Amino acid sequence: MIIADKNTKAVDLVRAALDKAKEYEDYHCFISMNEARALDRAREIDERIAKGEKVGRLAGVPYAIKDNYLSPEGVTTAASRMLDNFPSPITATAVAKLEAEGAIMIGRANLDSYAHGSSTENSYFGPTLNAHDKERVAGGSSGGSAAAVALGIVPFALGSDTGGSIRQPASYNGVWGMKPTYGTVSRYGVVAMASSLDTMGCIANSAEDVDLVMGIIAGKDSKDSTTLDDFWNRDLDDAKPKKKKIGIIKDFLKDGVDPEVSKTVLSYADKMKKAGYEVEEISMPIMKYGLAIYYIIQPAEVASNLSRYDGIRYGHRAAEITDLDSIYGKTRDEGFMPENKRRIMVGNFVLSSGFFDAYYLKAQKARTLLINAYNEAFEKYDALLCAVAPAPAFKLGEKTDDPLQMYMEDMMSVLANLAGLPAVAIPAGESKSGLPIGVQLIGPRKSDQVLLNIAKNVEENAQ
Ligand code: GLN
């Protein structure tokens, strides 16, 4: 990415990004722009450069945040009516760290309301279009972030990944997406979805750019007690092929996976072999239960997190309320999208006393078995390879009437979240009709940078 210096003005970088955002307005990548503040910041950085002052590693680089990150000036909506007029009272740690390095937030990107979805069609403000085909979805829930990077509006954007929301839109738009180890990046100042699964990461155009941004936003934060000590930028054992063994998850090469996608996974595996890695297939039968586990645990946590939107403390409050019940009922009815409500209902059902053991408890036990299966696999393999999503981007409206079809999108992406593992989405090819297809490398906890290094190595040495 281009960093401002004596010859490259921050103001020009920011202006170019704002112009492009306007040019591609019909893709609906953004919910709101931050034009005036962005230009002010750019001028300030140019002045500091002119004076020879230190300006940070991302001086003058324009970027977008998913609109579930809180950041000063303007409204954080989480693409919901509930928060459509909610001025951010605080700044998310990740945003504060980027701004401290001179990066300049130009706008808030579109998402599925509260990050519930796989297509950005659940946004209260309408969907984002795919950067490669306007009739198709951008993926989700960080669809606005991914399309903004793919269209070249910004060199990187922040996203959140609870079950694939960084990787799947990255893959649908042909760009890179990093879902880090759980606890790598502070969740402080980001609207909570499902707290044991939520991770903050970024979307960018190369492994190098992802590495740079993640190295800045990672690290311990006293405001999020689940954050890990900073393990980014430590001395790594190298990612050299002779040491590394990769397992292709065999269970995800056939059932429910488009043959064009499987072909892309296998051709990426070939590239890995050419680059010198040892690659073989591994069978992990428990993987097929991932989706069922996720769609019990995640709604349970969503139902708990969304209970705070009661029409009293903050956000939308319905008009013409007559009593306490109608404050809650009408406000939540008006403020939430149908998909939010579906998750609240499922979540409360699986947590209810009559069904808790049958669903929630069982799902937690299965989650432990899944984690054990990964641990076992990582005794033999350094990383695992599979596709990000079962097929390339689908048409707008194709799955909106069928939530289960939409959930099937997430069959391969939710697994890393359930186990707290890092996973990087890599653009790996395209379908016959020219739609991007992504693969993902999943590794043991804290191997985030190793995964990125492997991907870089494959690009450099597979020819
Ligand atoms: N598509 C998944 C879901 O709808 C993941 C969402 C996310 O990662 N925020 O739950």
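Fair warning: this is a prediction, and the values are worked out from it, not measured in the lab. Just follow the structure's listing: the first ligand is 1, and inside any ligand the first atom is 1.
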Under a 3.5 Å cutoff, is there a donor and acceptor pairing between the side chains of D198 and S160? no
Measuring from each atom of ligand 1, which residues have a heavy atom under 4.0 Å away? A115, H116, G117, S118, S141, D161, T162, G163, G164, S165, M193, Y294, Y295, Q298, R343, D410
Could you list all the ring-ring contact (aromatic ring centres under 6.0 Å, His included) pairs where at least one residue sits in [range], not counting sequence neighbours?
range: residues 388-436; answer: Y295-Y407
range: residues 96-147; answer: Y114-Y309, Y114-F336
range: residues 192-215; answer: none

Is the shortest heavy-atom distance from the side chain of L253 to the side chain of I248 under 4.5 Å? yes
Pick out which of R167, K179, R187, K66 makes a salt bridge (charged side-chain N to carboxylate O under 4.0 Å, His left out) with D161. R167
